[in-house]
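Letters A, B, ... are given to chains in the order of the sequence lines, protein chains preceding strands, and every chain is numbered from 1.
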Amino acid sequence: MSATYFLVRLLRVLVTVWAAATLVFVALRMSGDPLAALLPADLPQEIIDTYRVRLGLDRSLWGQYLSYMGALVQGDFGYSFRTNGPALDLVMERLGATLILTASALGVAILVGVPAGLLAAVHRNRLPDRAVMSLAVFGFAMPNFFFGILLILLFTLTLQWLPSGGFAGPLHLIMPALTLGLASAGAYARLTRSALLEVLAAPFMETVRAKGMPPGRRIFVHGLRAILVPLVTLLGFSIGALIAGAIVTETVFSWPGIGLLLVISVAERDLAVVQLIVILSAATMATTNALVDLALGWLDPRIGSARRSAG
Amino acid sequence: MRRARVWVPLALLVAVIAFAVFGPLLTVHAYDASSLLERNRPPVFAGGDWDHPLGTDRLGRDLLARMVVATRISIGLALIGTVIGMILGTVLGLLAARGAGAVDWITLALIDLQAAIPFMIVALATVAIFGSSLALFVAILGVYGWESYARLVRNSALSARTLPFVDAARAMGVGPMTIDRRHVLPTVANVIIVQATLNFPQTILLESGLSFLGLGIQPPLTSLGQLLGEGRDSLGRAWWLAVMPGAVIFVTTLSVSLLGDALRDRLDPTLARDP
């Protein structure tokens, strides 16, 4: 992994974040006077003018853009109109809850999806395969807000085993993590199945079989190694689905994370917070994709060298 | 077994569409007429009467009438959104494939950008900045998914352009518009249709997700996601208020997905999932 490749990837992350920040700026100015969106309509003109100067809106568009970008670079993401505190503080105090939820959900997706895919591939076209593939289609079609509500109905209201919302202990994590994780498990199962079937049909597996290696070992030693590359690729794709799913899941279970904060902030048009969350999710996705690329180059040197020579 | 793969989801989808089209015949109540004396009535299967077969909500509005309107709006919006995205993506994909430098570059850059932020976040930020309105909501649903059509159409059109008969047409002086319409579009039509069956369920899920969050369809209009969101508040007292709209969403997305899978295997064997 050369240093230039690393730097190029870092630059791409920065360009993506810059593009997201610029888009928010352009959209805010396209919506008309940003103050009209930010302030209540019945304020006296003097107060509106004071805000205009304070927010720098009396300057040229280009001047506004430069000071906006300058503030972002210095870590100044503006103030929440709802709480009067810095937007960054609001998001940071909820970051932990969202990281715990998404990490557990990713764990559920992989721990359920990959074994299910292996099972389906090994029993191809028989009952376990059909069952796993049908469940994967169900998972794709099931809205996660509905699935979460069904879980609440069963485990909170009927069986009274689990708390329905909030975050006060490990029990509170179970239903949100299942809701968010099982939504992606189907994709992992499908990919694992088709990747393993492809490996099992590869010519080198013929040699391995001829050497007399038992089927279980063949799958674990050669099969799993070969499906790592598609799995890591899917990991990159599923981060976006995880972020989007967390918004709905956190709302269903009143999970005190960034997703719930986003929904509240959009409803109240608390734009500084919304803008920060847009930039943060672009940065998360770009960083994850860069890490996935680096991991792929390390797992499979052919990919790394092909990308390097392509630019 | 192979036939059941088509007939079962087809029957389910026809049932949902029939419910949306002929639903008003089943009830005499208006979907937005509240009645203080008839609040929180249970449905027939939970001890209610036939005047309100599916019961009423906490404002005394007839749930059957609300379900019919919600199903119409959810499916209608998802259809409109899918068609807009299909046209937008196909046109941009065709233009990009003509190799007119700037259009191709811009389209590819937009595809990259769309992949850089989850669409749910883009949709929510748009609602936050511009305020929620029906026109904006339709535009959001329409833009959703355009990039998958654009990418598919661009790639298929690029390879279609190298076919000998397309080359021959160009040599005879046929213009790029006519070539796209008569020769390229027919070869990519299957891919577009299959993509639409993938896109439609996801558009329903986006619509109902946003409406569930209270940031999509606004009252007094209603949609399946919005009904589900309302029903969530009285889950302990009347589970059916949330479960019935949720079940209609699930049956619709599931049947279209299953039909799409079957259609894909028939129209485009190269896309079949098994290697």
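With a 4.5 Å cut-off on side-chain heavy atoms, Thr16(A) and Asp112(B) do not count as touching. Annotation: side chain of Val127(B) is not in contact with side chain of Arg269(A) (no heavy-atom distance under 4.5 Å). By the 4.5 Å heavy-atom criterion applied to side chains, Leu124(B) and Val274(A) are not counted as neighbours.
Closest approach of Arg190(A) and Asp261(B) over heavy atoms only: NH2-OD2, 4.0 Å. The minimum heavy-atom distance between Val24(A) and Ile129(B), with the atom names listed, is O-CD1, 4.4 Å. Closest heavy-atom contact between Ala116(B) and Met285(A): O-CB, 3.4 Å. Scanning both residues, Ala141(A) and Thr253(B), for their nearest heavy atoms gives O-OG1, 2.8 Å.
Of residues 210-218 of chain B, those residues lying under 4.5 Å from chain A by any heavy-atom pair are Phe212(B), Leu213(B), Leu215(B). Scanning residues 145-158 of chain A against chain B with a 4.5 Å heavy-atom cutoff picks out Phe145(A), Phe146(A), Ile149(A), Leu150(A), Ile152(A), Leu153(A), Leu157(A), ordered by number.
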When the side chains of residues 234-252 of chain B are checked against the rest of the protein, which donor-acceptor pairs come out under 3.5 Å, sequence neighbours left out?
unit_1: Arg237(B); atom_1: NH1; unit_2: Asn40(B); atom_2: OD1; d: 3.3
unit_1: Arg237(B); atom_1: NH2; unit_2: Asn40(B); atom_2: OD1; d: 3.3
unit_1: Thr252(B); atom_1: OG1; unit_2: Val248(B); atom_2: O; d: 2.6

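For Ala290(A), the side-chain contact (heavy atoms from CB on, under 4.5 Å) test picks out Arg9(A), Val13(A), with sequence neighbours left out.
With a threshold of 4.5 angstrom between heavy atoms, Ser132(B) does not approach chain A through any atom at all. If you measure heavy-atom distances from Thr251(A) to chain B, the contacts under 4.5 Å come from both the backbone and the side chain.
Ranked by non-hydrogen atom pairs under 4.5 Å with chain A, the options Ala125(B), Gly131(B), Ala123(B), Pro201(B) are led by Gly131(B).
Heavy-atom neighbours of Arg12(A) CZ from other residues, nucleotides or ligands within 6.0 Å: at or below the threshold of 12.
Considering Leu206(B), Ile204(B), Leu205(B) in turn, Leu205(B) is the only one that fulfils the side chain to side chain contact (heavy atoms under 4.5 Å, CB included) rule with Pro143(A).
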